[in-house]
Each structure stands twice: as C-alpha cells, then as structure tokens.
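Here's the structure, in structure tokens; my notes come after.
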Protein chains: 2
Amino acid sequence: MTFVKPDDIIQLIQERGYRLTTARKKVIGILANHSEFLGAYDIHHLLEQENTRIGVASIYRVLDLLKSLGLLKSEEFGVGGEKYRLDNEHSHHHHSHQLICSQCGHTEELLGECPISHIADKLERDSGYQIEEHWLRFFGVCPLCREQ
Amino acid sequence: MTFVKPDDIIQLIQERGYRLTTARKKVIGILANHSEFLGAYDIHHLLEQENTRIGVASIYRVLDLLKSLGLLKSEEFGVGGEKYRLDNEHSHHHHSHQLICSQCGHTEELLGECPISHIADKLERDSGYQIEEHWLRFFGVCPLCREQ
DNA sequence: ATAAGTGCAAATCGTTTGCACACTT
DNA sequence: AAGTGTGCAAACGATTTGCACTTAT
C-alpha cells in the first residue's frame with residue numbers, strides 16, 4: 001500500500017529546513033496510505049474521519065510543498081479538480097504511453113523502450129523549456145470493436 | 001489557417017434546426033481562424049478586438065453546441081481551464097504535438113515532420129488497433145518561468 | 001523569541017444557471 | 001407570434017490569499 005515511507009518524507013522536510021507540523025504529518029500520513037489519486041477535499045474528509053480538522057487551505061499548502069519537493073504526482077481527471085498521489089520516482093523525466101480505444105475506451109499502457117526520450121532531449125535544447133514529462137497517446141479502434 | 005469552413009458549420013447548425021445567431025456566427029468565425037486551442041475568454045477577448053461584445057455565458061453555450069455536434073475538440077492543459085479547437089477530421093490519422101508550460105500554461109504547437117507516424121504504423125500492425133489519432137505532449141517549464 | 005505555518009473567511013478563476021429581454025424563424 | 005437564444009448577474013466548485021493567531025525551532 002505504502003509507496004513512499006512517511007518517515008523518509010518527514011526527514012526530507014526537516015533536512016530542507018521546513019518545520020514538522022501536524023498538518024504536514026497528517027496529510028502525508030493519508031497520502032502514504034492511499035495508492036489512488038486523491039483530491040484536496042478527499043484528504044480533508046479522510047482526516048475528518050480520523051477526527052483531525054485541517055483547513056483545506058493548509059492541505060493545499062502541504063500539497064504544494066510536496067509538489068515542490070518532487071514527491072507528488074498530480075493529474076486532472078476531467079471533472080472535480082486536481083488529484084494527487086505520492087510518487088517517489090525522482091527520475092526526472094516522467095512519461096506515460098497509452099493506446100486507447102476510441103470506441104470502448106479500453107486503455108493499454110505501452111511498456112518497453114521509450115521512443116520519445118531523444119525527441120525530448122532535442123526539444124529541450126531547441127526550446128529552452130526544462131522538460132519534465134511527456135504523454136504519448138494513441139487513439140484507435142481496438143480489434144474487438146473493429147469486428148462490429 | 002482555416003481547417004473547417006464556417007459555412008459548413010453554419011449549414012449543419014441550420015439543418016439540425018438550431019438558429020443562426022450573431023453569437024454563433026462570431027464564435028465560429030474566431031475558431032475557424034485560429035488553429036491553436038482557445039479558451040472561452042480568449043475567444044471573448046478576440047471578439048472584443050473586433051468590437052463585438054458577446055457574453056462569456058453565450059460563448060460557453062456556443063462551444064457546448066459545437067461540441068455536441070462533434071465539431072469541437074477540447075482539452076485541459078493543466079492551467080487556465082479548458083481550451084477548444086474546431087476539428088472536422090473525422091477520419092485520418094490526426095495528430096497533435098504540443099509543448100506546454102507546466103507553470104504558466106503557455107502552449108506551443110510543435111510543427112514540422114511528425115516523429116511518431118512510423119511508431120504508429122508499427123503499433124497498428126502489432127496491436128491490431130486501427131489507429132486514428134495520437135497526441136504527443138511535452139510538459140516542462142518555459143524559459144520565462146524558469147527565470148523566476 | 002521569532003519566524004514559519006495555520007485556520008478562517010474573503011477573494012479569485014473558470015464555468016454554469018436563472019431570468020427577463022431580444023431576435024430568428 | 002412563438003419560442004429559441006442572449007446578456008447579465010448571481011451562484012458555483014476548486015483553489016488561493018490576507019491576516020491575525022499559533023506553534024516548531
């Protein structure tokens with residue numbers, strides 16, 4: 001369940017000179033125990049269930065801190081705002097490659113060698129952007145949907 | 001510059017029994033002249049520059065209509081809300097390549113040779129999917145945001 | 001002790017909605 | 001004439017910010 005150990009994060013926070021507060025410990029605790037993506041209010045509700053009351057504003061601030069430490073992966077899932085998950089893969093350039101059926105929505109992760117990294121390197125030099133991540137998504141009709 | 005002819009859209013709108021109003025004509029006009037993705041407020045500002053005042057609410061309503069007619073492609077680029085672009089290419093392997101600043105949300109279309117088409121071809125053979133489209137998106141920090 | 005961090009409420013941003021009025025058909 | 005579509009302002013949900021207060025160092 002736990003991807004990243006709360007203690008490691010807490011240590012990093014202290015090493016960097018940030019204070020170790022209840023809000024930070026609690027939010028990290030929740031994130032460490034959930035492998036799914038959670039929204040700020042999800043975290044807020046989960047904390048309420050533990051009888052801990054941390055203001056949403058502070059939750060956002062903890063999330064920002066973790067993001068700035070590179071410990072958090074966030075995504076937008078269409079509706080309901082941004083969602084967050086701990087992510088210890090410090091490997092700087094994240095990527096996600098998918099093959100998605102445009103009819104039934106079935107999604108496959110494409111594994112194996114990343115065919116984009118050299119393009120990213122060139123782009124980084126050419127554009128002046130510091131590239132952190134890329135997505136490559138193919139949309140098409142899967143064999144099953146093609147039959148019909 | 002123009003991907004989809006405004007007249008075709010206008011015709012479709014009338015065929016479907018929707019009324020042909022100034023707001024609809026103007027918004028379609030803007031979209032037809034811009035190949036980039038535009039947000040509702042981008043459209044609003046562009047219209048102001050033409051001395052046309054259409055309420056944002058109406059712009060959203062026109063966008064919803066076009067979306068329901070399948071003429072609009074919309075995407076979320078992390079910051080600044082949803083962005084829209086006309087899109088009539090109902091068939092052939094369509095692609096979109098972008099470089100997006102993860103801080104300010106600035107988006108650039110990457111033009112030139114498609115570096116993915118051969119990957120798509122191979123994937124089509126290997127997977128049995130009939131690939132119609134792909135996106136390649138690079139996220140990073142743009143030179144301006146890096147300065148700060 | 002002192003600065004960093006918090007809670008709260010107000011502010012903001014993108015988007016939606018209710019309603020009276022305007023315009024296409 | 002009838003009813004669709006509009007503008008406006010208020011409502012909304014997610015996120016941010018200002019400020020006085022608390023707490024970790």
Side-chain angles (χ1 to χ4, degrees), chain A residues 9-30 37-48 50-69 72 74-84, chain B residues 9-30 37-48 50-69 72 74-84 100 102-107 148:
Chain A
I9 299 178
I10 285 168
Q11 195 187 326
L12 183 61
I13 283 181
Q14 292 191 300
E15 275 170 11
R16 298 288 175 92
Y18 297 106
R19 295 186 180 174
L20 187 53
T21 65
T22 334
R24 287 175 181 163
K25 278 187 281 190
K26 292 290 185 179
V27 172
I28 291 166
I30 293 290
F37 281 85
L38 298 175
Y41 277 90
D42 296 334
I43 297 173
H44 190 247
H45 294 140
L46 288 165
L47 285 170
E48 275 179 346
E50 308 184 351
N51 289 324
T52 311
R53 216 185 66 271
I54 309 277
V56 251
S58 301
I59 293 178
Y60 279 109
R61 288 185 279 230
V62 177
L63 291 170
D64 284 347
L65 174 62
L66 294 174
K67 209 192 291 180
S68 77
L69 293 172
L72 209 59
S74 74
E75 299 199 2
E76 288 258 4
F77 293 98
V79 201
E82 202 138 14
K83 300 219 185 307
Y84 307 83
Chain B
I9 299 179
I10 285 168
Q11 195 188 325
L12 183 61
I13 283 181
Q14 293 190 299
E15 275 171 12
R16 299 290 175 94
Y18 297 106
R19 296 187 179 172
L20 187 53
T21 64
T22 334
R24 287 176 180 164
K25 278 187 283 192
K26 291 291 185 180
V27 172
I28 291 166
I30 293 289
F37 281 85
L38 299 175
Y41 277 90
D42 296 334
I43 297 172
H44 189 246
H45 293 141
L46 288 165
L47 284 170
E48 275 180 344
E50 309 184 350
N51 290 325
T52 311
R53 217 184 67 272
I54 308 277
V56 251
S58 301
I59 293 178
Y60 279 108
R61 287 185 279 231
V62 177
L63 292 171
D64 284 347
L65 174 61
L66 295 174
K67 209 193 290 179
S68 77
L69 292 172
L72 208 61
S74 76
E75 301 199 4
E76 288 259 2
F77 294 100
V79 202
E82 201 139 14
K83 300 218 187 308
Y84 306 83
I100 301 160
S102 51
Q103 299 199 7
C104 68
H106 177 74
T107 301
Q148 297 146 30

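What you see below is based on every heavy atom in this structure, not just the backbone, and it leaves out hydrogens, waters and symmetry mates.
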Whether the side chain of B:His44 engages the backbone of B:Ile54 through a donor-acceptor N/O pair (distance < 3.5 Å, no angle test) should be reported.
yes
Any B:Gln14 side-chain nitrogen or oxygen under 4.0 Å from OP1 or OP2 of C:dT24:
no
Atom CD1 of A:Ile13 and atom P of D:dA24 are separated, to the nearest Å, by 14 Å
Between B:Arg19 and B:Ser58, who's closer to the 5' end of DNA chain D by nearest nucleotide?
B:Arg19
Whole Å only: how far is the CD1 atom of B:Ile59 from the P atom of C:dT15?
11 Å
Separation of B:Arg16 atom CZ from D:dG5 atom P, in whole Å?
14 Å
To the side chain of B:Tyr18, which of D:dG5, C:dT16, C:dG18 is closest?
D:dG5
From the list C:dT15, C:dG18, D:dT15, which nucleotide is the closest neighbour of the side chain of B:Arg61?
C:dG18
It should be established whether B:Arg53 places a side-chain nitrogen or oxygen under 4.0 Å from OP1 or OP2 of nucleotide D:dC8.
yes
5' precedence on DNA chain D between B:Arg24 and A:Ala57 (nearest-nucleotide basis)
B:Arg24
Rounded to the nearest 0.5 Å, what's the gap from CD1 on B:Ile59 to CG on B:Asp64? Could you check?
12.0 Å
Whole-Å gap separating P (D:dG7) and CD (B:Glu48):
12 Å
Whole-Å gap separating C1' (D:dG5) and NZ (B:Lys26)
17 Å
Given C:dT15, D:dA24, D:dG7, the nucleotide with the shortest approach to the side chain of A:Leu20:
D:dA24
Around B:Lys83, counting heavy atoms of other residues, nucleotides and ligands shown, do more than 12 lie under 6.0 Å from its NZ?
yes
Looking at B:Glu50, is its backbone amide N or carbonyl O close enough to the side chain of B:Thr52 to form a donor-acceptor pair, meaning the two atoms are under 3.5 Å apart?
yes
Between B:Gly39 and A:Leu65, who's closer to the 5' end of DNA chain C by nearest nucleotide?
A:Leu65
For A:Tyr60 and A:Ala40, work out which heavy atoms get closest and say how close.
CZ-CB, 3.3 Å
Atom-pair distance (CG on A:Leu63; P on D:dT17), nearest Å:
15 Å
Any side-chain N or O of A:Thr21 under 4.0 Å from OP1/OP2 of D:dA24?
no
Within this structure, what is the NZ-to-C1' distance between A:Lys67 and D:dT16, rounded to whole angstrom?
12 Å
Quick one: A:Glu82 CD to D:dT16 C1', roughly how many Å, whole number?
13 Å
